[in-house]
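Computed from a predicted structure; not experimentally measured.
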Amino acid sequence: MDKQFKMEQKRLESVMETVREEISKLEEETFRRKNEVIHTRKHFWDEVKVNTDTFDDYLETIIGLRQEAQALSVSQSTHRHASKRLSILRRMQRVPYFGRIDFLEEGTSTEEQIYIGVSTLFDASGENILIYDWRAPISSVYYEYQPGPAKYTIPEGVIEGLLEKKWQYIIRDGILQSMFDTSLTIGDEILQQVLGKGTDKQMHNIVATIQQEQNQIIRHDRGSLLIVHGAAGSGKTSAALQRIAYLLYKYRENLRADQIILFSPNTIFNSYVSNVLPELGEENMQQVTFQEYLDRKLIKEFQVENPYQQLEYVLTAENTQLYRSRLASIRFKGSTLFFEAVQSYLQSLEVSGMLFKDIIFRGEPIVTARQITERFYNHDTSLRFHSRLEKLKDWLINKIKESQKLQWKRPWVQEEIELLSNEDYHKARIYLAKKQGFKREAIADYEVDPKALAKLIANQKMKPLRKRIKAYRFIDFKGVYRQLFSDSLRINQLVEGETTKDLAAICTLTQEMLDEDKLFYEDATPFLLLKEMILDFQTNSSIKHIVVDEAQDYSPFQFEFLKRLFPAARMTVLGDFNQAIFAHASEKSDFNTLTSLYGPDETEVINIARSYRSTKPIIEFTRRLVPNGESIIPFEREGERPMLQQLDEYDELHGCITSKVENYRSQGVNSIAIICKSAEESLRAFESLSRIDGIKLLKSSSIEYEQGVVVIPSYLAKGIEFDAVIIYDASEQNYGDESLRRIFYTACTRAMHYLQLYSVGKPSPFLRKVIEEGFLET
């Protein structure tokens, strides 16, 4: 083994020398290209002879401009690619590769040694591959197989052969620290080492530790919809980000990072995962929360509740009068049943019910809402709905023009002319002179025609009105949506009686909010869908792939909306229904409803049962908190049992937490989360624990994930992991209702190495079984 180790170290040194040489060449090239770009930008106009005297001179100028622009574009592109490659090589200086397979291809007599790393590396001749990119077809053998028969797929077909050996390496800063023959060694030493380390401020790539089931997600390439259902800590998000890198590599001729969108749970999570793709030498995809999309579309019209405000209400308003009606509203409006009701409602609007606004100018109606309604329902009725609206818009524009012909004679126009500043009068004079055909040098001789000036003023003052009409702002969208809830019988008819007994209360609640120009979160997507369908849906066909993380937090209605919004996109959906904490999720929620999005032939579901985040004792504890938890398989990583301490009062609790944090810090623990049920409880806890040095409060408005000691609501901690988690108050009073089981499970599964629970008073009933079975130390 010593001899083999020395041979491997010698090879590594040779590879490192090749990396250094390529870095040296690229540093020179990037420096040269950068100077070229700077020089071209500085002297762009010096290189172009600008002459527009004749058509030929003009044409020559255009050609010169185009040539210089192309030269600049080529230099910029070359510099960008060289810089990107240089960044990858500098990372490879630290860890050039992490694995090797010895593969004997069928029909050959000599095995080939395939070294695998984050990027491909050729030798100095450019003919031999020293390192294969982890996304290359042959690299899949490393992730998919143990020694024995193996195969991989290339565009020309399937290559079969024999995987003779599989090696793993630990290399740090170009030095080989250890190597493992996985055919002889039980377990995954590198994975053990990676999982045993502390957390970081950002998620990192997992190419060295990708497991077989994660590899299936990464390289999956069939159908329109991939659903990944996995336990907490199973590596769903990591695999999805590697999947994006894989797709960008495989389809590099046809797919760019800006054609991929990741819908993430919150902005803190965006910050947490922002490092993964750059580590792999790829540009980051677009990252957005669903709420950010809604805000962009609705913020000018409404005050829109966000999902965390909705969840905060659900977690803290149990004893209020409207609580039951609000929960019913959330569930009903998130259902496919309501989606179908909105579609049926739109069809009914073709016959009657569209609401319009008066077209008013200077306090007087040009066209009344009643006239618009009569026009819409009595003309062009054979056309499609949106085509009728276009015709209606054209009719209204003509009405504005007719009014404009009369307006210039009105006294107000003369008043406006008298109020014109010298500067505005001069601008109007130039405009009118050019309109009359006066050359620049002759404008001084032009005398303003009072009639022409009056018409210009009338035209300018009515321009905003025309703009509003062209944007279909004559439609009363709020009124149309409100009308849907004007009578519970209307919705009952639309859904053929399959509705909730709280429908009358839902209708009242919705109308009251709309009257205040507010939208509940559960109303935001339905309102936007109805508006988009009325306007013929402004789809985005440039997006080729969307990834939805924490998919269990999306309603069926929202998925239908995303499918319509991005008709050209394939979809990867990641979730865990044990963490379905939003009120629209029922106890029987699962991903079965999603298969209807694209149909079973276009949908594949991959289940990941093994959890890697937490130690085995923590997983043994958390998997007993949820139904079907026995299907969750812990990774064999030892650690301390979770602990529960019961206390009598909150002052005692705060003293214990302060002491525990100091204890964790003394052990070198980097990130400690004090997880509370709600934002309300988080604020109280933060104020009471302010003596802890450097403690931070994370809110839904927080932009960045921060390490250290943080107080955080349970729902904001989703998708993030911490070295140690302290559950602030796991009491029956706090977590007594069965509806809170999933949010409690979610909070506990954030812990990697240590989990401490405190209870002020009697512990939550969720803990009885695990205490009896000895999986929670008390």
Side-chain angles (χ1 to χ4, degrees), residues 223-227 240 244 247 255-267 270 285-302 304-307 333-347 349 384-386 389 471-472 475 477 480-481 484 519-575 582 584 591 593-599 602-603:
S224 299
L225 174 62
L226 172 64
I227 299 171
I244 292 170
L247 293 171
L255 184 65
R256 303 186 311 273
D258 63 2
Q259 293 176 311
I260 302 173
I261 292 183
L262 168 64
F263 280 93
S264 53
N266 52 58
T267 49
N270 283 350
M285 71 266 124
Q286 298 183 62
Q287 286 176 258
V288 69
T289 65
F290 194 75
Q291 180 65 29
E292 285 170 335
Y293 175 79
L294 292 176
D295 283 345
R296 279 205 297 266
K297 292 285 188 178
L298 297 171
I299 204 72
K300 291 178 183 177
E301 299 172 72
F302 296 101
V304 185
E305 179 187 53
N306 68 45
K333 291 171 184 170
S335 67
T336 49
L337 192 68
F338 187 55
F339 184 88
E340 289 160 9
V342 172
Q343 287 182 302
S344 299
Y345 178 50
L346 180 70
Q347 289 175 350
L349 293 176
R384 287 177 62 245
F385 189 77
H386 183 68
L389 284 174
Y472 292 96
I475 301 173
F477 292 107
V480 172
Y481 187 69
L484 177 57
L519 271 185
F520 284 131
Y521 180 64
E522 64 267 23
D523 281 302
T525 309
F527 175 84
L528 197 53
L529 177 76
L530 181 62
K531 182 177 179 180
E532 292 283 6
M533 288 197 300
I534 287 171
L535 296 177
D536 204 25
F537 222 102
Q538 304 301 301
T539 58
N540 186 335
S541 296
S542 65
I543 299 301
K544 304 301 181 191
H545 205 106
I546 62 173
V547 179
V548 181
D549 203 358
E550 302 294 349
Q552 71 279 354
D553 294 342
Y554 287 70
S555 68
F557 200 116
Q558 288 170 321
F559 274 114
E560 291 282 1
F561 181 77
L562 286 174
K563 180 191 171 186
R564 285 172 173 264
L565 183 61
F566 303 107
R570 296 166 71 191
M571 196 183 291
T572 300
V573 165
L574 321 161
F582 282 88
H584 60 72
F591 282 136
T593 55
L594 277 184
T595 56
S596 62
L597 262 184
Y598 296 94
E602 286 293 312
T603 304

**Message:** Using only atom types and a distance under 3.5 Å, with no angle test, would you say the side chain of Q558 pairs donor to acceptor with the backbone of S555?
**Reply:** yes
**Item:** Straight-line distance of F263 CZ to L574 CG, nearest 0.5 Å
**Value:** 13.5 Å
**Asked** Where the side chain of Q286 meets the backbone of I261, is there a donor-acceptor pair that is under 3.5 Å apart?
**Response** no
**Request:** Verify side-chain contact (heavy atoms from CB on, under 4.5 Å) between M533 and V342, making sure each step is shown before the conclusion.
**Result:** CA-CA 10 Å; M533 288 197 300; V342 172; 3.7 Å; yes
**Asked** Is there side-chain contact between P526 and F557, with at least one heavy-atom pair below 4.5 Å?
**Response** yes
**Prompt:** Okay, side chain of S335, backbone of F338: is any donor-acceptor separation there less than 3.5 Å?
**Reply:** yes
**Request:** Test side-chain contact (heavy atoms from CB on, under 4.5 Å) on V573 and L225 and set out the steps.
**Result:** CA-CA 8 Å; V573 165; L225 174 62; 3.7 Å; yes
**Message:** Can you confirm whether M285 sits close enough to D258 that some side-chain heavy atom of one is under 4.5 Å from a side-chain heavy atom of the other?
**Reply:** no
**Item:** Backbone of K544 reached by a side-chain donor or acceptor of Q259 within 3.5 Å
**Value:** no
Side chains of residues 290-297: which donor-acceptor partners sit under 3.5 Å, not counting sequence neighbours?
residue	atom	partner	partner atom	Å
Q291	NE2	D295	OD1	2.9
E292	OE1	T289	N	2.9

**Message:** Working to the nearest 0.5 angstrom, can you tell me the gap between L528 CG and E301 CD?
**Reply:** 8.5 Å
**Request:** Give, for atom CG of L565 and atom OG1 of T539, the distance between the pair rounded to the nearest 0.5 Å.
**Result:** 7.5 Å
**Message:** I'd like to know whether Y472 forms a side-chain contact (heavy atoms from CB on, under 4.5 Å) with L535, so could you lay out the CA-CA distance, the side-chain angles of the two residues, the decisive distance to 0.1 Å, and finally the verdict.
**Reply:** CA-CA 8 Å; Y472 292 96; L535 296 177; 3.6 Å; yes
**Prompt:** Given V548, which of I227, L562, D553, L594 fulfils the side-chain contact (heavy atoms from CB on, under 4.5 Å) condition?
**Reply:** L562
**Asked** Do you know which two heavy atoms are closest between I543 and A569, and how far apart they sit?
**Response** O-CB, 3.5 Å
**Message:** Quick check for you: to the nearest 0.5 Å, what is the distance between E522 atom CD and T525 atom OG1?
**Reply:** 10.0 Å
**Message:** Counting C-beta onward and ignoring hydrogens, is there a side-chain heavy-atom pair between L346 and I534 closer than 4.5 Å?
**Reply:** yes
**Message:** Less than 6.0 angstrom from the centroid, inside 45 degrees of the normal: does K531 satisfy that with respect to the ring of F477?
**Reply:** yes
**Complete:** One should read off an interatomic distance between L530 CG and L349 CG, to the nearest 0.5 angstrom, of 6.5 Å
**Item:** Closest heavy-atom pair and its distance - S541, A568
**Value:** O-CB, 3.6 Å
**Request:** Output all residues satisfying side chain to side chain donor-acceptor pair (under 3.5 Å) with T572, sequence neighbours left out; order by chain, then residue number.
**Result:** R243, H545
**Message:** Less than 4.5 Å apart, side chain to side chain, heavy atoms only: is that true for Q347 and F385?
**Reply:** no
**Lys/Arg cation over aromatic F520: K333, 6.0 Å, 45° cone** = no
**Request:** Determine whether L247 and L255 make a side-chain contact, defined as any pair of heavy atoms from C-beta on separated by less than 4.5 Å.
**Result:** yes
**Message:** In the structure I gave you, are the side-chain heavy atoms of I244 and V547 within less than 4.5 Å of one another anywhere?
**Reply:** yes
**Audit row: Q552, E550, side chain to side chain donor-acceptor pair (under 3.5 Å) steps and yes/no** = CA-CA 5 Å; Q552 71 279 354; E550 302 294 349; 2.7 Å; yes
**Fill in**
Heavy-atom closest pair (Y554 atom, S264 atom, distance to 0.1 Å) is OH-O, 4.4 Å
**Fill in**
Interatomic distance, CG@L484 vs CZ@F527, rounded to 0.5 Å, equals 12.0 Å
**Message:** Treating R570 as the side-chain partner and G223 as the backbone partner, does any N or O pair qualify as donor plus acceptor under 3.5 Å?
**Reply:** yes
**Prompt:** Would you call F559 and K563 a side-chain contact if the rule is heavy atoms closer than 4.5 Å?
**Reply:** no
